[in-house]
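Only one structure is covered here, and it is reproduced in the block below.
This one's a predicted model, so the numbers in the text were calculated from it and none came from an experiment. Counting convention: from 1, in listed order, for ligands and their atoms alike.
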Amino acid sequence: MKLDSRRVPVPLLALLLLSLFEFAYALPQNLAVPGGVAVIPIAPGETATYNNRPVMVIQDQEESFAIVGIPLSEKPGSHKIKTRTRVYEFTVLAKEYETQHLTIENKRQVNPLAEDLKRIRREQSEMDNAFTNFDTEIPPAFNFSLPVMGPVSSPFGLRRILNDQRRTPHSGLDIAADEGVPVIAPATGKVVVTGDYFFNGNTVLLDHGQGLISMYCHMSRIDVSRGDVVQEDDVLGAVGQTGRVTGPHLHWSVSLNNARVDPNLFLVD
Ligand SMILES: [Zn+2]
């Protein structure tokens, strides 16, 4: 939340700052667009659903917020979350993402063979299982640091044209770095998937609790195993160029209630 101090009366500002400091954490940024996150105040002690799926709820002593991931495919307009006792409406604003044209030399990675499709489907279901998990035993950890330092080579949400063929939008953030640079956990999480995938190469998925899952792709090596609990800054593996890539980089996805959302909304300075 950005406060404009020129407009807010000083006592109110002090009150607002005080209430922010009551949280031992910063809430994700509220940006209700396709691929964004809606932060919705709700009555304390409630659970909430969006499109009939449970959503993350962060409770403080007196305040409670539903943290809702909005899919890139969601239509702008009025949407609702439901709690046991009431319905909360919120507005999803339109957002135009840019188009990116890429040339992939390995044609099989753009038009996979039948045998590849079998493998791709199996891998997709492994990832979907993780993305749809809603673990209430892991205390939600959502104040992220960057998993690797480097320039963003491809932002979240780009509409993608590969070898002149339209593909699904870019559901993560690409950070360029040299092969071998360590990839670190952005926050506490449990390793729920590791694998060598057709498109994503060496991949790790972390469960941060209540439907918040992060994914790390194209790594040269993986240093963690399924079931490991990692802390912020623990090494997950190293940057590489495995899977469908045009050069070494980390593809970082963040998923909330099974919606891939912009990882920037979870970064804390
Ligand atoms: Zn990517």
Side-chain angles (χ1 to χ4, degrees), residues 33-37 69-73 95-112 116 119-120 123-124 126-128 130-131 144-186 189 192-206 208 212-222 236-256 258-267:
V33 298
V37 172
I70 305 166
L72 272 165
S73 57
K95 176 162 182 172
E96 287 300 316
Y97 291 98
E98 282 179 36
T99 299
Q100 180 188 44
H101 294 260
L102 282 176
T103 304
I104 304 288
E105 302 289 342
N106 182 344
K107 300 216 170 13
R108 189 170 161 181
Q109 289 180 331
V110 179
N111 298 107
D116 300 330
R119 175 181 166 192
I120 290 164
E123 294 170 355
Q124 192 57 54
E126 279 177 29
M127 288 183 276
D128 287 345
F131 286 137
F144 287 168
S145 52
L146 269 177
V148 69
M149 286 296 173
V152 170
S153 54
S154 189
F156 171 85
L158 286 179
R159 299 146 183 254
R160 283 203 149 157
I161 316 279
L162 303 185
N163 301 1
D164 297 325
Q165 299 172 47
R166 184 170 288 282
R167 288 293 181 269
T168 51
H170 190 220
S171 58
L173 188 69
D174 288 353
I175 305 170
D178 290 336
E179 185 150 356
V181 170
V183 174
I184 59 164
V192 285
V193 170
T194 66
D196 174 12
Y197 289 163
F198 185 82
F199 290 124
N200 290 338
N202 286 322
T203 297
V204 169
L205 278 89
L206 295 182
H208 302 282
L212 180 62
I213 317 291
S214 62
M215 179 168 78
Y216 308 80
C217 304
H218 310 306
M219 293 196 286
S220 59
R221 54 160 222 271
I222 294 175
L236 303 175
V239 172
Q241 43 187 331
T242 53
R244 187 172 70 188
V245 292
T246 54
H249 72 278
L250 177 72
H251 171 103
W252 181 33
S253 280
V254 173
S255 179
L256 185 61
N258 197 27
R260 255 55 86 206
V261 294
D262 188 346
N264 283 305
L265 300 174
F266 292 83
L267 288 177

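Under the 30°/60° scheme for interplanar angles, the aromatic rings of His218 and His251 are found to stand perpendicular.
The nearest N, O or S atom of His170 is closer to the Zn ion (ligand 1) than 2.8 Å. Checking His251 against the Zn ion (ligand 1), an N/O/S atom falls under the 2.8 Å cut-off.
At least one cation-pi condition fails for Arg260 and Phe156: the charged atom is not both under 6.0 angstrom from the six-membered ring centre and inside a 45 degree cone around its axis.
Atom OD1 is the N/O/S atom of Asp174 found closest to the Zn ion (ligand 1).
With 3.5 Å as the limit, one finds no donor-acceptor pair spanning the side chains of Glu123 and Asn200.
At least one side-chain heavy atom of Tyr216 sits under 4.5 Å from a side-chain heavy atom of Pro147.
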